[in-house]
Amino acid sequence: MSYFANSPDDLVDGALAGFARAHAGVVAHTADPGYIAAAAPAPGRRVALVSGGGSGHEPMHGGFVGRGMLDAACPGRIFASPHNRQVYEASLAVAKPGGVLHIVKNYTGDRINFGIAAERLEHDGVPCARVLVDDDVATDSEDIAVGRRGTGATVIVEKLLGAAADEGRSLIELEGLGKRIVDASRSIAVAAAAQTSPSTGSPAFELPAGAVEYGVGIHGERSGRIRENVKIDELVADLAETLVSALSLESGARVLALVNGLGSVTPLELYGIYDRFARALSARGIVLQRQRIGALVTALDMRGFSLSLTRTDDELTALWDAPAHTAAWINEERA
């Protein structure tokens with residue numbers, strides 16, 4: 001038994017039911033067509049925030065529904081886009097007077113289904129806009145027609161836009177801010193072992209002993225770049241340099257950082273990775289203003305991690321520090 005469930009569908013359905021039961025004061029679950037909404041949405045919002053994507057990435061997105069972040073999230077099947085009906089009905093249920101903003105990761109299925117839902121909302125007279133997250137450096141190539149994938153920085157976008165929405169900003173203002181955050185964000189991921197497929201019970205791909213896949217995707221997408229016998233200090237320094245270069249960061253630049261576990265990397269390891277990451281940034285004169293360490297955007301049980309950076313300023317740092325309380329995000333105390 002690879003996973004403690006009767007089937008891949010049962011794995012998702014059981015998790016959603018249990019999640020809603022465990023966090024009944026924070027979220028409410030509508031099983032048909034399938035979405036999670038905030039039980040006590042922020043009263044000052046003029047615009048609702050809705051996101052979603054395939055299951056298997058928990059706590060993203062359902063874990064970030066609640067005060068200070070999302071109004072609703074739509075979970076698809078494992079690594080599959082939610083249906084447009086889910087997105088439409090979730091958006092309709094939580095829409096505010098100023099409309100709905102969709103936060104969408106850059107995958108074809110997500111773009112299509114959120115797009116159809118947006119058309120239906122507009123037809124109903126509900127203003128709707130979209131922020132497309134495309135932060136993955138590994139897919140930053142002219143040879144990839146769809147562009148960069150949306151990965152770890154999605155959580156940063158959801159946190160910052162959630163705080164801005166709580167301030168009562170308009171749909172146009174939130175859309176513009178979201179695009180600015182996306183433009184200032186990049187991520188990169190590596191894995192030493194693939195996730196286990198719930199349908200076959202086998203790894204999605206094989207790697208030689210001691211090797212890592214450099215630039216892996218959150219659905220187990222291969223990059224074709226394997227590094228063998230690489231030391232962790234060298235690996236993290238290389239990843240840091242990749243992100244700094246991708247964002248054209250110079251000495252004195254301020255950043256927000258995520259060190260994210262992809263499923264089976266332990267907190268013990270993640271904090272060690274963070275320490276190396278912080279030292280690598282400091283050596284380049286980059287000012288690490290805020291950070292988050294933990295399993296935030298997983299890929300089932302993939303043994304890997306991702307690093308994300310967002311170029312920040314006083315406004316974005318204040319939004320990061322703004323109150324939030326969801327199942328997977330409670331603000332850290334600051335001295």
Side-chain angles (χ1 to χ4, degrees), residues 2-20 29-37 50-65 70 72-91 102-120 130 132-136 138-139 144-152 154-155 158 187 189 191 194-205 216-222 260 262-263 295-302 304 306 328:
S2 300
Y3 295 97
F4 292 104
N6 296 320
S7 67
D9 283 346
D10 176 59
L11 185 63
V12 174
D13 295 337
L16 291 171
F19 174 76
H29 177 217
T30 300
D32 183 19
Y35 62 85
I36 296 165
V50 177
S51 191
S55 295
H57 302 305
E58 290 71 24
M60 191 180 75
H61 295 274
F64 303 120
V65 172
L70 298 173
C74 306
R77 297 289 96 182
I78 292 174
F79 294 174
S81 168
H83 192 276
N84 64 78
R85 179 176 165 236
Q86 292 176 260
V87 181
Y88 167 71
E89 295 203 16
S91 301
H102 289 162
I103 301 172
V104 185
K105 299 189 303 302
N106 188 28
Y107 293 96
T108 301
D110 289 352
R111 291 175 65 164
I112 290 172
N113 282 297
F114 274 86
I116 293 171
E119 290 177 359
R120 295 180 66 184
R130 180 177 74 179
L132 188 69
V133 184
D134 59 349
D135 56 308
D136 182 27
T139 46
I144 300 174
V146 296
R148 293 184 299 267
R149 296 179 294 228
T151 59
T154 309
V155 178
E158 291 174 352
S187 301
Q195 78 278 6
T196 306
S197 167
S199 57
T200 66
S202 300
F205 58 82
V216 70
I218 59 173
H219 305 123
E221 300 97 334
R222 304 293 301 271
N260 171 61
L262 289 170
L296 301 169
V297 182
T298 60
L300 291 172
D301 62 344
M302 183 184 287
S306 66

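Counting only heavy atoms from C-beta outward, the side chains of Val297 and Ser306 never approach each other to under 4.5 Å. Taking the side chain as every heavy atom from C-beta outward, Ser51 and Glu158 approach each other to under 4.5 Å. When side chains are defined from C-beta on, Asn106 does not count as touching Thr139, because their heavy atoms never get closer than 4.5 Å. Under the 4.5 Å side-chain criterion, counting only non-hydrogen atoms from C-beta, Thr30 is not in contact with Glu89. No side-chain heavy atom of Leu300 sits under 4.5 Å from any side-chain heavy atom of Thr196. The closest side-chain heavy-atom distance from Tyr107 to Ile218 is below 4.5 Å. Put simply, the side chain of Tyr35 does not reach to within 4.5 Å of the side chain of Val50, judged on heavy atoms.
Under the 30°/60° scheme for interplanar angles, the aromatic rings of Phe79 and His57 are found to lie parallel.
Under a 3.5 Å cut-off, the side chain of Asn84 and the backbone N or O of Asn113 do not form any donor-acceptor pair. Without hydrogens or angle criteria, Glu58 side chain to Gly56 main chain gives a donor-acceptor distance under 3.5 Å. A donor-acceptor contact shorter than 3.5 Å links the side chain of Gln86 to the backbone of Gly34.
Across all non-hydrogen atoms, the minimal contact from Val12 to Gly76 is CG1-O, 4.1 Å. Shown here for Pro82 and Pro75, the closest heavy-atom pair between the two residues is CB-C, 4.3 Å. Considering every non-hydrogen atom in both Gln195 and His219, the closest pair reads NE2-O, 3.2 Å. Considering all non-hydrogen atoms of both residues, Ala90 and Ala72 come closest at CB-CB, 4.3 Å. Nearest heavy-atom pair, Phe64 versus Leu296, reported as atom, atom and distance to 0.1 Å: CE1-O, 3.9 Å. Across every non-hydrogen atom of Phe19 and Gly62, the tightest pair is CZ-O, 3.4 Å.
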Q: Give the C-alpha distance, both sets of side-chain angles, the deciding distance and a yes or no for side-chain contact (heavy atoms from CB on, under 4.5 Å) between Tyr3 and Ile78.
A: CA-CA 13 Å; Tyr3 295 97; Ile78 292 174; over 6 Å; no
Q: Could you give me the CA-CA distance, side-chain angles and deciding distance for Asp32 and Arg85, then say whether side-chain contact (heavy atoms from CB on, under 4.5 Å) is met?
A: CA-CA 10 Å; Asp32 183 19; Arg85 179 176 165 236; 3.2 Å; yes
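Here the CG-CZ distance, from Asp110 to Arg149, works out to 13.5 Å after rounding to the nearest 0.5 Å. One distance of note links OG1 of Thr151 with CG of Asp135; it measures 3.5 Å at 0.5 Å rounding. Here His61 contributes atom NE2 and Thr154 contributes atom OG1; the two are 6.0 Å apart, rounded to the nearest 0.5 Å.
Residue Phe114 forms a side chain to side chain contact (heavy atoms under 4.5 Å, CB included) with just one option from His102, Glu119, Lys105, and that option is His102.
Side-chain contact annotation: Asp136 with Ser187, donor-acceptor N/O pair under 3.5 Å absent.
A salt bridge links Arg77 with Asp13: the distance from a Lys NZ or Arg NE/NH1/NH2 to an Asp or Glu carboxylate oxygen falls below 4.0 Å.
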